[in-house]
Amino acid sequence: MSLNGEQRLTTVRELRANLDLAGLDQAQLQQLTGWSPQRVAATLDLDHADPVDAWQLRDLLEQATCDAGRTPATFTVLTESARAAARGWFGID
């Protein structure tokens, strides 16, 4: 599954919206994930990011937003129905 330009921009906006809603910054994401600063930035911007990382970050941010007592921004590209396809392509859980 490859995202087109519009889907990529939409997903980047949704990831960043949930980052803000969760009250986290990139340094905190680095601590939570154990990823390098470059990997965190690449995944947030979907700039040559591993698809598995994108899904993991999506799920982490959604949970962190809920944990902060807020309602997560809806993911319109990385949806639960898209997860089934991603599971087949990338082994996403």
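When a residue number appears, it is its place in the shown sequence, counting from 1.
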### T79/T74 under side chain to side chain contact (heavy atoms under 4.5 Å, CB included): CA gap, chis, key distance, verdict
CA-CA 9 Å; T79 63; T74 301; over 6 Å; no
### Separation between OG1 of T11 and CD of E6, rounded to the nearest 0.5 Å
10.0 Å
### Query
Should L15 and F75 be marked as a side chain to side chain contact (heavy atoms under 4.5 Å, CB included) after you check the CA-CA gap, both sets of side-chain angles, and the distance that decides it?
CA-CA 8 Å; L15 288 169; F75 285 96; 3.8 Å; yes
### Query
Taking R8 for the side chain and L3 for the main chain, is one N or O donor matched with an acceptor at less than 3.5 Å?
no
### Query
Would a distance-only check, ignoring hydrogens and angles, find a side-chain to backbone donor-acceptor pair under 3.5 Å from R58 to L78?
yes
### Summary
Scanning both residues in full, the closest heavy-atom pair of R70 with G23 reads NH1-N, 4.4 Å
### Separation of D67 CG from L61 CG (nearest 0.5 Å)
11.5 Å
### Summary
d(N4 CG, L9 CG) to nearest 0.5 Å is 9.0 Å
#### Entry: Electrostatic pair R39:D50 at N-O distance under 4.0 angstrom
no
### Query
Is it the case that one hydrophobic cluster holds both L21 and V40, taking links as side-chain heavy atoms less than 4.5 Å apart, direct or via other members?
no
### Query
Can you tell me how far CG of L57 sits from CG of L19, rounded to the nearest 0.5 angstrom?
8.0 Å
### Query
Between D53 (side chain) and A49 (backbone), is there a donor-acceptor pair under 3.5 Å?
no
### Query
When rounded to the nearest 0.5 angstrom, what is the spacing between CD in Q28 and CG in L32?
7.5 Å
### Message
Is it the case that the side chain of T33 and the backbone of W35 share a donor-acceptor pair, with hydrogens and angles ignored and the cut-off at 3.5 Å?
### Response
yes
### Query
About how many Å separate OG1 of T76 and CD of E14, when rounded to the nearest 0.5 Å?
3.5 Å
